[in-house]
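Scroll down for the structure; my scribbles are underneath it.
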Amino acid sequence: MFENSDGGVRIELRELTKRYPGQSSPAVDAISLDVPAGELVVFVGPSGCGKTTTMKMINRLIEPTSGEIRIGDEDVLKMRPDDLRRHVGYVIQQIGLFPHLTIAQNVGVVPKLLGWSKARINDRVDELLGLVGLDAADFRSRYPRQLSGGQQQRVGVARALAADPPVMLMDEPFGATDPITREHLQNEFLRLQRELRKTIIFVTHDFEEAIRLGDRIAVLREGSHIAQYDRPARILGAPADDYVAGFIGSAGTLKRLALITVEDACTAGDGPKKTAGLPEVEATATLREALDAMVAHGTDEVAAVSGDARHCLTYQDICEAINSESREVEPSGG
Ligand SMILES: Nc1ncnc2c1ncn2[C@@H]1O[C@H](COP(=O)(O)OP(=O)(O)OP(=O)(O)O)[C@@H](O)[C@H]1O
C-alpha cells in the first residue's frame, strides 16, 4: 500500500469538507491542499479553526462530509479505515500509550496487528527505541507510568513509526511538555525526519514550533480556510495579509526579528561558510532585513558583510536565534 521506495508519498486534499450535525457552518469548508512527498507541513491557526478535524479526516477517524483525499495513488475514502490506519502513523498530545502494556508492547502494537514474527517485532522495537534516543535494554520492559512525559512522547513517536508508514499525522505531539523538553524533542525529531523523509502533517498552536519544524506552513482561519500556504521564510518575510501578519505578530516573532542583528545570529565558532554568489546584508542589519533578502532572492542563505569579513547566515540560524531569544524573554512561555 502507498508504494514508497524512499520516504513519504504525496497527500492531496480536494474540497475536503466536514459539517458536524447541528452546526450552522462547516468545521472544515472545502480545503484543498497538496503536501509534497517527504515534506513536513505544519497547520497553525486559532483554536476551533478545524485543524484537528482536517487531520482526523485523513486517517478517517472522522468521516468527511464531502471531498477527496489521496495518499500516493490511493483514494483514501475507498479504503478500509483500519487498513488505512495501519499505514498512517498517528501521534497525539495525550500520547495514548496503553498503560497495561510495556513500552516494547506499546511500540509493537501495529507490527503485531500486521502479523510480524516475534523476532522481527523485537528487533524493530529495539531499533526504534534507539532511534528516538531511549536505551532499549533499560526501557523495553517498563510501563508508561514509569517514564517521564518527554520519554513517553518519544515512545509515542517510536510507536507511530513502527510499521514504517510513509505518512505521519502529528497533533500537537510535544504540546504537553515543558519548553526545554519540547526543544529537545523538536531537535531529535528534526534529526529523525532528515533521515526518514516521511510525509508529515503536524498540528501546533506554537508558531515558533511551526517555523522551526515546517518545510511549509499552512496558516488556517476558521473553517480550515487557508490564509497562506508557503515556506516558513516566506510566511515570515512576506505574510499574505493582515491576518497572517497578526498571527506572526502575536507570537512576538516579528518583533524579535526586528530586534536581533545579523551578526548576533551568525553561528559563532563554525567559521565562515561559502558565501560566494549569496545576496549580501550588512552584519548590523536586523534579521527582518536578512529574511527580506532571502525572500526576494528565493534562497535560504545570505552573506553577512562587515568590512572585508563575510559570514554565511542561514534560515536555520534565524530560527535558532528567534527561539533562543524567546526563551530568554518568556522563560515559562510556550
Ligand atoms: N464532534 C463534534 N461535533 C460538533 N462540532 C464539533 C465536533 N468536533 C469539533 N467540532 C467543532 O468543529 C470546529 C473545529 O474543531 P477542531 O477540533 O477541528 O478545531 P482545532 O482547530 O483543532 O481546535 P484546537 O486548536 O482548539 O484543538 C470547532 O468549532 C468545534 O467546536
Side-chain angles (χ1 to χ4, degrees), residues 11-33 35 40-69 71 76-77 81 84-85 88-96 149 153 156-157 160 167-179 182 185-186 189 199-214 216-230 232 235 239-241 243-253 333-334:
I11 304 175
E12 295 171 67
L13 310 182
R14 288 286 166 270
E15 305 272 314
L16 191 63
T17 297
K18 177 67 187 180
R19 190 181 282 277
Y20 288 108
Q23 303 287 309
S24 55
S25 49
V28 174
D29 186 13
I31 184 173
S32 294
L33 184 84
V35 180
L40 190 158
V41 167
V42 185
F43 286 178
V44 287
S47 184
C49 74
K51 304 181 291 295
T52 297
T53 303
T54 304
M55 176 128 105
K56 284 188 174 171
M57 286 195 283
I58 298 170
N59 65 0
R60 293 189 51 198
L61 286 172
I62 293 177
E63 285 298 322
T65 309
S66 59
E68 279 177 49
I69 307 165
I71 298 183
V76 164
L77 299 180
L84 167 72
R85 274 176 231 137
V88 176
Y90 186 49
V91 190
I92 54 174
Q93 183 175 339
Q94 292 79 12
I95 312 163
Q153 283 295 359
V157 172
V167 171
M168 299 265 285
L169 304 177
M170 308 184 78
D171 197 347
E172 299 208 51
F174 311 139
T177 51
D178 65 81
R182 183 180 318 170
L185 287 169
Q186 288 169 346
F189 179 66
T199 309
I200 301 177
I201 298 187
F202 188 110
V203 167
T204 181
H205 273 102
D206 177 354
F207 192 72
E208 316 286 344
E209 182 165 76
I211 50 181
R212 186 133 200 234
L213 298 184
R216 294 168 203 264
I217 298 174
V219 182
L220 302 177
R221 43 175 124 229
E222 207 177 322
S224 265
H225 287 135
I226 297 173
Q228 187 168 5
Y229 179 45
D230 221 327
I235 293 206
D241 57 21
Y243 176 85
V244 178
F247 209 83
I248 305 169
S250 66
T253 311

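All ligand and atom numbering here is 1-based and tracks the order in the structure. Being a predicted model, the structure only gives us computed values, none of them experimental.
Taking the six-membered ring where tryptophan is involved, the planes of F202 and F189 are tilted, since the angle between them lies from 30° to 60°.
Residue, atom and distance of the protein heavy atom nearest to atom 13 (C) of ligand 1 are G48 O, 3.5 Å. Among protein heavy atoms, the minimum distance from atom 1 (N) of ligand 1 is reached at Y20 CE2, 3.6 Å. Of the protein's non-hydrogen atoms, the one nearest atom 25 (O) of ligand 1 is K51 NZ, 2.8 Å. The protein heavy-atom contact nearest to atom 17 (O) of ligand 1 is T52 CB, 3.8 Å. Protein heavy atom closest to atom 12 (O) of ligand 1, with residue, atom name and distance, is A27 CB, 3.3 Å. Distance from atom 15 (O) of ligand 1 to its nearest protein heavy atom, with residue and atom name: T53 OG1, 3.7 Å.
T204 pairs with exactly one of K51, R212, E172, E209 by the side-chain hydrogen bond (donor to acceptor under 3.5 Å, both in side chains) rule, that one being E209.
By the 3.5 Å distance cut-off applied to N or O atoms, T54 is not counted among the residues near ligand 1. Ligand 1 has an N or O atom lying under 3.5 Å from an N or O atom of C49, backbone or side chain.
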In sequence, state the C-alpha distance, the side-chain angles, and the governing distance for I58 and V76, and then conclude on side chain to side chain contact (heavy atoms under 4.5 Å, CB included). CA-CA 8 Å; I58 298 170; V76 164; 5.9 Å; no
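Between atom CZ of residue R221 and atom CD of residue Q228 there is a gap of 10.0 Å, rounded to the nearest 0.5 Å. Separation of atoms CZ (R19) and OG (S25) is listed at 7.5 Å; rounding is to 0.5 Å.
A 4.5 Å side-chain heavy-atom check between R14 and S32 finds at least one atom pair inside the cut-off. Contact check for V157 versus M170: side-chain heavy atoms found under the 4.5 Å cut-off.
The H205 neighbourhood of ligand 1 comprises atoms 25 (O), with distances under 4.0 Å to a heavy atom of that residue.
Taking 4.0 Å as the cut-off, M55 does not count as a neighbour of ligand 1 on heavy-atom distance.
When G223, G50, S47 are checked for heavy-atom proximity to atom 26 (O) of ligand 1, S47 turns out nearest.
Distance screen at 4.0 Å: atom 30 (C) of ligand 1 has no protein heavy-atom neighbour inside the cut-off.
At least one donor-acceptor pair closer than 3.5 Å links the side chain of Y243 to the backbone N or O of L220.
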